[in-house]
Visitor: 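One structure, pasted below without further comment.
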Amino acid sequence: MHRGTLSLSSIGPFDLQSTVESGQTFRWTREDGRSYEESDAYGGDAWYATVVVGDGPASDERDLDVVRVRQTDDRLEWEASFDAEATLRRRLRLDDDLPAIRDATPSDPLLETAFDRYWGLRLVRDPPFATLIAFICSAQMRVERIHEMQRALEERFGESITFDGEEYYAFPTPERLAEATEAELRDLGLGYRAPYVQRTAEMVAEGTAHPQEATDLAYEDAREYLAQFVGVGEKVADCVLLFSLGFIEAVPLDTWIRSTIEEYYPECDRGSYAETSRAIRERFGGEYAGYTQTYVFHHLRNGGGSSE
DNA sequence: TAGATACCTTATAG
DNA sequence: ACTATAAGGTATC
């Protein structure tokens with residue numbers, strides 16, 4: 001067992017619960033078993049765990065680790081099967097300069113309210129393949145159900161690892177998901193997304209393409225690259241770019257953000273996804289626009305609209 | 001290129 | 001109890 005502590009005085013503003021329960025990541029699960037949909041289930045000091053997949057000593061062997069983390073006031077505590085500090089810094093983007101990002105963002109009442117309400121929320125950097133599959137599953141789905149689908153995939157097709165007496169599951173490999181049948185995936189409740197997941201996994205397993213490849217491309221080219229996967233359109237592609245590949249200028253245009261644009265920034269509606277995306281990206285702070293998007297999404301989804 | 005429609009499953013409103 | 005509607009959209013025509 002490895003343990004460690006990070007103080008907020010060294011990493012700046014951070015809010016673990018907002019970060020992992022804001023609908024941007026499906027890789028962290030609450031240890032107390034309470035589901036995110038229980039809105040009254042305050043997880044202010046709950047432990048959250050994830051399975052980390054590294055490269056094992058043998059190239060055909062996956063090296064699995066577990067890390068869990070919780071926040072108590074101004075400290076971030078972690079326990080893991082390995083020295084997890086660098087992993088946590090990367091996965092939870094602890095090196096982002098949040099105050100500087102906010103300073104670089106245009107100010108208006110909606111954005112100020114969202115930033116104030118969830119100050120400390122950070123973007124995450126999740127593994128590319130798992131993120132790709134999760135957001136394929138996200139189509140016409142509530143956040144809570146997306147979590148359920150990911151858990152079902154893990155428990156059915158993922159490798160398990162025991163840590164501190166508990167069993168954890170890694171996200172399935174592309175190869176394993178590619179072998180799954182559409183019927184098996186439908187049985188897990190994926191609905192019409194089942195063939196999307198199977199075929200995209202197959203593309204990755206066979207080497208046709210890999211989401212990681214998008215990292216080296218310019219933002220809009222990267223979005224087009226990801227859209228070649230089955231079940232991946234511009235919105236899902238933006239989610240993968242933002243929550244996994246580090247394109248923090250990406251602003252996924254989902255129903256929440258679209259209604260926000262309609263209500264608060266009607267002049268940004270350009271009709272097409274690409275043009276509207278450029279306009280709202282500029283309005284949300286350009287190179288850091290994805291941060292603004294995530295604050296606004298979380299705020300609106302939790303009843304922060306003007307109609308409240 | 002832009003617009004309309006079908007699509008699985010589940011939860012909630014009426 | 002039963003039907004309509006919507007939930008972080010995409011593929012197809």
Side-chain angles (χ1 to χ4, degrees), chain A residues 18-28 35-39 114 118 121 123-124 126 130-153 156 180-203 209 211 223-244 247 250-263 269-277 280-281 284 289-305 307:
Chain A
S18 295
T19 298
V20 300
E21 293 195 25
S22 54
Q24 58 167 325
T25 174
F26 302 97
R27 300 313 315 143
W28 293 92
S35 61
Y36 300 120
E37 74 238 43
E38 299 173 62
S39 55
Y118 295 111
L121 181 162
L123 287 170
V124 296
D126 277 341
T131 305
L132 182 66
I133 298 299
F135 281 94
I136 286 173
C137 291
S138 78
Q140 297 293 107
M141 276 292 153
R142 293 156 211 269
V143 170
E144 296 74 21
R145 283 215 60 222
I146 304 168
H147 274 282
E148 293 173 12
M149 287 189 277
Q150 304 318 296
R151 187 170 61 238
L153 288 173
R156 176 73 178 75
T181 65
E182 178 181 333
E184 285 179 305
L185 295 174
R186 281 180 183 269
D187 284 343
L188 297 182
L190 299 203
Y192 62 78
R193 304 153 196 81
Y196 298 166
V197 167
Q198 190 278 328
R199 292 173 62 194
T200 285
E202 201 166 56
M203 290 174 71
R223 192 169 63 200
E224 290 314 303
Y225 179 87
L226 292 181
Q228 75 182 287
F229 292 104
V230 185
V232 178
E234 292 169 301
K235 184 273 175 183
V236 168
D238 266 335
C239 288
V240 177
L241 293 176
L242 180 60
F243 305 133
S244 174
F247 287 81
V251 179
L253 298 183
D254 55 58
T255 53
W256 291 94
I257 296 300
R258 282 185 184 278
S259 62
T260 299
I261 292 171
E262 189 179 340
E263 188 170 350
D269 188 358
R270 298 285 199 284
S272 80
Y273 188 100
E275 292 297 325
T276 302
S277 170
I280 195 65
R281 185 158 68 251
F284 276 3
Y291 253 104
T292 310
Q293 183 273 358
T294 303
Y295 273 89
V296 170
F297 173 82
H298 194 40
H299 174 55
L300 270 288
R301 206 169 71 83
N302 286 293
S307 58

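Reckoned from all heavy atoms, side chains included, excluding hydrogens, waters and symmetry mates. Convention: sequence-line order gives letters A, B, ...; per-chain numbering from 1. Fair warning: this is a prediction, and the values are worked out from it, not measured in the lab.
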Visitor: Between OG1 of A:Thr292 and NE2 of A:His299, what distance do you get to the nearest 0.5 Å?
Guide: 13.0 Å

Visitor: Select base, sugar-phosphate, or nothing to describe what A:Ser259 touches, counting heavy atoms under 4.0 Å on all strands.
Guide: nothing

Visitor: Determine yes or no for a side-chain-to-main-chain donor-acceptor pair under 3.5 angstrom, with A:Arg301 supplying the side chain and A:Trp256 the backbone.
Guide: no

Visitor: Measuring only between side-chain heavy atoms, which start at C-beta, is A:Gln293 closer than 4.5 Å to A:Ile257?
Guide: yes

Visitor: With 3.5 Å as the limit, what N/O pairs link the protein to nucleotides 10-14 of chain B?
Guide:
unit_1 : atom_1 : unit_2   : atom_2 : d
B:dT10 : O4'    : A:Arg145 : NH1    : 3.4

Visitor: Keeping A:Gln150 on the side-chain end and A:His147 on the backbone end, is there a donor-acceptor pair under 3.5 Å?
Guide: no

Visitor: Counting C-beta onward and ignoring hydrogens, is there a side-chain heavy-atom pair between A:Cys239 and A:Thr131 closer than 4.5 Å?
Guide: no

Visitor: With P as the reference atom in both, quote the distance from B:dT5 to C:dT5 in angstrom, rounded to an integer.
Guide: 14 Å

Visitor: Rounded to the nearest Å, what distance is computed from the CD atom of residue A:Glu234 to the P atom of nucleotide B:dT1?
Guide: 12 Å

Visitor: Suppose we screen for salt bridge (charged side-chain N to carboxylate O under 4.0 Å, His left out). Which residues come up paired with A:Arg223, at least two apart in sequence or across chains?
Guide: A:Asp238

Visitor: Less than 4.5 Å apart, side chain to side chain, heavy atoms only: is that true for A:Lys235 and A:Phe135?
Guide: yes

Visitor: Expressed in whole Å, how much space separates the P atoms belonging to C:dA4 and B:dA6?
Guide: 15 Å

Visitor: Chain A on DNA chain C: first and last contacting nucleotide, 5' to 3', under 4.0 Å to a heavy atom?
Guide: C:dA6 to C:dA11

Visitor: If you pin A:Gly23 and A:Val230 to their nearest nucleotides in DNA chain C, which one's is more 5'?
Guide: A:Gly23

Visitor: How about A:Thr25 and A:Asp126: does a side-chain donor come under 3.5 Å of a side-chain acceptor?
Guide: yes

Visitor: Rounding to an integer number of Å, can you tell me how far A:Glu144 CD sits from B:dT9 C1'?
Guide: 15 Å

Visitor: What does the 5'-to-3' dot-bracket notation of DNA chain B look like when only Watson-Crick and G-U wobble pairs under 3.5 Å count, and pairs to other strands show as |?
Guide: ..|||||.||||||

Visitor: Residues in side-chain contact (heavy atoms from CB on, under 4.5 Å) with A:Arg270, at least two apart?
Guide: A:Glu275, A:Thr276, A:Ala279

Visitor: Indicate yes or no: at least one non-hydrogen side-chain atom of A:Glu184 is less than 4.5 angstrom from one of A:Gln198.
Guide: no

Visitor: Check whether any side-chain N or O of A:Arg145 sits under 3.5 Å from a backbone N or O of A:Arg142 as a donor-acceptor pair, and report yes or no.
Guide: no

Visitor: Is it true that atom CD of A:Glu262 has more than 12 heavy atoms of other residues, nucleotides or ligands lying nearer than 6.0 Å?
Guide: no

Visitor: Are any non-hydrogen side-chain atoms of A:Tyr291 and A:Leu123 less than 4.5 angstrom apart?
Guide: yes

Visitor: Any base atoms under 4.0 Å from A:Gln293, or only sugar-phosphate, or nothing? Heavy atoms, all strands.
Guide: base

Visitor: Which residues, if any, of residues 190-200 of chain A bring a heavy atom under 4.0 Å of DNA chain B?
Guide: A:Gly191, A:Tyr192, A:Arg193

Visitor: Could you work out the separation of B:dA13 and C:dG8 based on their P atoms and round it to a whole Å?
Guide: 14 Å

Visitor: With heavy-atom distances below 4.5 Å as the criterion, would you say the side chains of A:Ile261 and A:Leu253 are in contact?
Guide: yes

Visitor: What does A:Phe229 touch in the nucleic acid at a heavy-atom separation under 4.0 angstrom: a base, only the sugar-phosphate, or nothing?
Guide: sugar-phosphate

